[in-house]
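What follows is a single structure, written as structure tokens, with notes after it.
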Amino acid sequence: MLTNGQDRPESVLRIKGKATLSGHVPISGAKNSTLAIMAAALLCSDSTRIRNVPAIADVQTMIEILKAVGIKITQSSGALDIDAKHISQSHVPYDLVNQMRAGFFVIGPLLARLGVARVPLPGGCAIGTRPVDLHVKGLQALGADVIIDQGIVQAYARHSRLKGAKIYLDFPSVGATETLMMAATLAEGETVIENCAQEPEVMDLANFCRAMGAKIRGAGTKTIVIDGVTRLHTTDFGIIPDRIEAATFMVAAAITRSTITISPVIPDHLTAAIAKLEEIGAKVVLESSSRLRVEGSPRYRHTHIETLPYPGFPTDMQAQFMALLTLSEGNSTVKETVFENRLQHVAELCRMGANIKLQGNIAVITGVSSLSGAPVMATDLRASAALVLAGLAAEGETQMQGLHHLDRGYDQLETKLRNLGANLYRQPLGSEQSAI
Ligand code: UD1
């Protein structure tokens, strides 16, 4: 039997094209907040409750990682109760961190709580080399000795507690900002992190840590200041809505020339996506402080997109917008500056009739009048969403493989799309001959 590498039978997602969507779609809690906040729960020598947790494979992987270090976790409808009173292990197994880069983020909390952490170099989507040098340099500045041996990053606190430090990040890495902010919450004295990532998920993590009693200010700006405390206390915390999921549905409305409403959202987190949709000709209406209506248009203009750290255009939305630009008039460009290998969906979109030329990290997209359904392969999480969107707009049927990518980060994408009127479903690979 064909499997997806995780011992589940391999499936294909069949998507009927020329879909028209209507209705309302509920947005789940943010994947990237949840994963960092689950890691941060390790900082608390008590139990914490996290609500609005999305039902995605990456959360299950993070649960396994926390269990592997001896943490007790109870799952109940969208909530996690994490009891981190006792951490029995400082070592995280390779086969878990290999599945997801965010698994590496436990290094900061483990080191802060235990004075030692041994975490394998991470995996995740194959969108670039994704080193962890910024995490490592920052931990060293906080007073850790770090050795990388046989693919395992081993960090040892030189003193009984980490020591506050001034840290400058060469690049505003989301993960490094989060790792170092978490480690510094329990360090002795003040830590100042300069050139931080300003992503909303970093702010959500800081709010969670503050709810546990951490002293953090400046999250969401370029400078975060943390005054270390000796212990953190219990809390009950709700995750923010997923801005990438929300923006994916906004593009779904636009690419199918449909009108849908989306909530809950934090519109400020969607500024770049809204600006680009409006620039090419879609209408985005703020119906309330947490609800948007997106109205597609019969025709779209071209535009130019460059991915940047927040508040710039998110790299996690690049593939989905590229799908939309394949059907926009004229020549658009998409420049990927955050990851060095995040344009693998170009070849798959071209299989569906898109006209895209690659010039280094720039995709030049010449709009075509229609896409046609084709067998395609999901190459990473957001690329898989882009192919679903393209499939919804195309003539005929698209059959997508590589669904484990989609399952990592979208909470019931197919069910949500079906509830909006789309026709798509999974079948075991090899049984896709019947009519859709
Ligand atoms: C996080 C998000 C991911 C998003 C990305 C950028 C999570 C779980 N994932 O990933 O969805 O696409 O932010 O918004 O939150 N880099 C280094 N050295 C380091 C760390 C990073 O060179 O030590 C480089 C990376 O290779 C990459 C760039 O910095 O080219 C951005 O990476 P980073 O912001 O760290 O992304 P992640 O935290 O991995």
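- At a threshold of 4.5 Å between non-hydrogen side-chain atoms, the residues E278 and K283 do not count as touching.
- Annotation: side chain of C209 is in contact with side chain of L205 (closest heavy-atom distance under 4.5 Å).
- Proximity of H405 to M400: side-chain heavy atoms (C-beta onward) are nowhere separated by under 4.5 Å.
- Just one residue in the list K215, M212, E188 forms a side-chain contact (heavy atoms from CB on, under 4.5 Å) with V229, and that residue is K215.
- There is a side-chain donor-acceptor pair under 3.5 Å between H24 and S263.
- Contact check on R342 versus E336 returns no salt bridge, with no Lys/Arg side-chain nitrogen under 4.0 Å from an Asp/Glu carboxylate oxygen.
- For the pair D411 and I56, the tightest heavy-atom approach, listed with the atom from each and the gap, is N-CG2, 3.6 Å.
- For the pair T234 (side chain) and S47 (backbone), a donor-acceptor distance under 3.5 Å is present.
- Side-chain contact of R291 with T261: a donor-acceptor pair under 3.5 Å is present, judged by distance alone.
- Pairing each heavy atom of V119 with each of G103, the nearest pair is CG1-O, 4.4 Å.
- Side-chain contact, H302 with S328: no donor N or O sits under 3.5 Å from an acceptor N or O.
- Side-chain atoms of D81 never come within 3.5 Å of backbone atoms of I73 as a donor-acceptor pair (strictly under, hydrogens ignored).
- Side-chain polar atoms of K357 and T366 form no donor-acceptor pair below 3.5 angstrom.
- Side-chain contact, T248 with Q320: a donor N or O sits under 3.5 Å from an acceptor N or O.
- Under the 4.5 Å side-chain criterion, counting only non-hydrogen atoms from C-beta, L413 is in contact with F249.
- In K222, the NZ atom is crowded: over 12 heavy atoms of neighbouring residues, nucleotides or ligands sit closer than 6.0 Å.
- Classification of K31 and D316 as a salt-bridged pair fails, no side-chain N sitting under 4.0 Å from a carboxylate O.
- Rounding to the nearest 0.5 Å places CG of D204 at 9.5 Å from CD of E178.
- Counting heavy atoms from C-beta outward, I107 and L139 have side chains that approach closer than 4.5 Å.
- The local environment of OH in Y94 is sparse, with at most 12 non-hydrogen atoms from other residues, nucleotides or ligands closer than 6.0 Å.
- Separating the CD atom in Q60 from the CG atom in D58 is a distance of 10.0 Å, to the nearest 0.5 Å.
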Run I226 and M181 through side-chain contact (heavy atoms from CB on, under 4.5 Å) and show every step you take.
CA-CA 7 Å; I226 303 125; M181 185 166 74; 4.1 Å; yes
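- A donor-acceptor contact shorter than 3.5 Å links the side chain of D83 to the backbone of K85.
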Using the rule given for side chain to side chain donor-acceptor pair (under 3.5 Å), can you reason through T191 versus K163, listing the C-alpha separation, both sets of side-chain angles and the distance that settles it, and then say yes or no?
CA-CA 8 Å; T191 298; K163 294 239 183 300; over 6 Å; no
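- The side-chain heavy atoms of L308 and T337, taken from C-beta on, include a pair separated by under 4.5 Å.
- For Q318 and H345, the side-chain atoms include at least one donor-acceptor pair closer than 3.5 Å.
- Salt bridge absent: E245 and R243 never bring a charged side-chain N and a carboxylate O closer than 4.0 Å.
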Are I280 and L325 close enough, and set up right, to give a side-chain contact (heavy atoms from CB on, under 4.5 Å), and what steps lead you there?
CA-CA 9 Å; I280 66 170; L325 294 177; 4.3 Å; yes
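- With salt bridges taken as basic N to acidic carboxylate O contacts below 4.0 Å, one links R426 and E414.
- Between K166 and E190 no salt bridge is recorded (no basic side-chain N to carboxylate O distance below 4.0 Å).
- With hydrogens and angles ignored, the 3.5 Å screen pairs no side-chain donor or acceptor of T235 with any backbone N or O of F237.
- Within the 3.5 Å criterion, the main-chain N or O of A187 finds a donor-acceptor partner in the side chain of R161.
- Between the CE atom of M377 and the OG atom of S384 there is a distance of 12.0 Å, given to the nearest 0.5 Å.
- For the residue pair T303/K276, the side-chain donor-acceptor check at 3.5 Å is satisfied.
- In terms of modelled atom types and a separation under 3.5 Å, the side chain of R113 and the main chain of C44 share a donor-acceptor contact.
- In this structure, S45 and L232 have side chains that are not in contact, with every pair of non-hydrogen atoms separated by 4.5 Å or more.
- The CZ atom of R351 sits 10.5 Å away from the OG1 atom of T398 when rounded to the nearest 0.5 Å.
- We find the CG-CG distance between L13 and D407 to be 9.5 Å, quoted to the nearest 0.5 Å.
- Smallest separation of non-hydrogen atoms from L96 and A68: CD1-CB, 4.2 Å.
- For the pair R231 (side chain) and L43 (backbone), a donor-acceptor distance under 3.5 Å is absent.
- One N or O on the side chain of S258 and one on the backbone of T256 form a donor-acceptor pair closer than 3.5 Å.
- The distance from the CG atom of L186 to the OG1 atom of T230 is 8.0 Å, given to the nearest 0.5 Å.
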For T326 and L371, what are the C-alpha separation, side-chain angles and deciding distance, and is it a side-chain contact (heavy atoms from CB on, under 4.5 Å)?
CA-CA 8 Å; T326 65; L371 296 173; 3.6 Å; yes
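- For the residue pair Q89 and L110, the shortest heavy atom distance occurs at O-CD2, 4.1 Å.
- Closest heavy-atom contact between S33 and I239: CB-CG2, 3.8 Å.
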What do the steps show when you test R217 against D227 for side-chain contact (heavy atoms from CB on, under 4.5 Å), and what is the final call?
CA-CA 9 Å; R217 51 187 199 278; D227 283 314; 3.4 Å; yes
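- There is a side-chain donor-acceptor pair under 3.5 Å between S90 and R118.
- Taking the ring centre of Y410 as origin, the terminal cationic atom of R382 falls inside the region bounded by 6.0 Å and 45° from the ring axis.
- The heavy-atom pair separating V69 from I87 by the smallest distance is O-CG2, 3.4 Å.
- Judged by distance alone, with hydrogens and angles left aside, the side-chain atoms of R158 form a donor-acceptor pair with the main-chain N or O of A144 at under 3.5 Å.
- Contact check for P120 versus V153: no side-chain heavy atoms found under the 4.5 Å cut-off.
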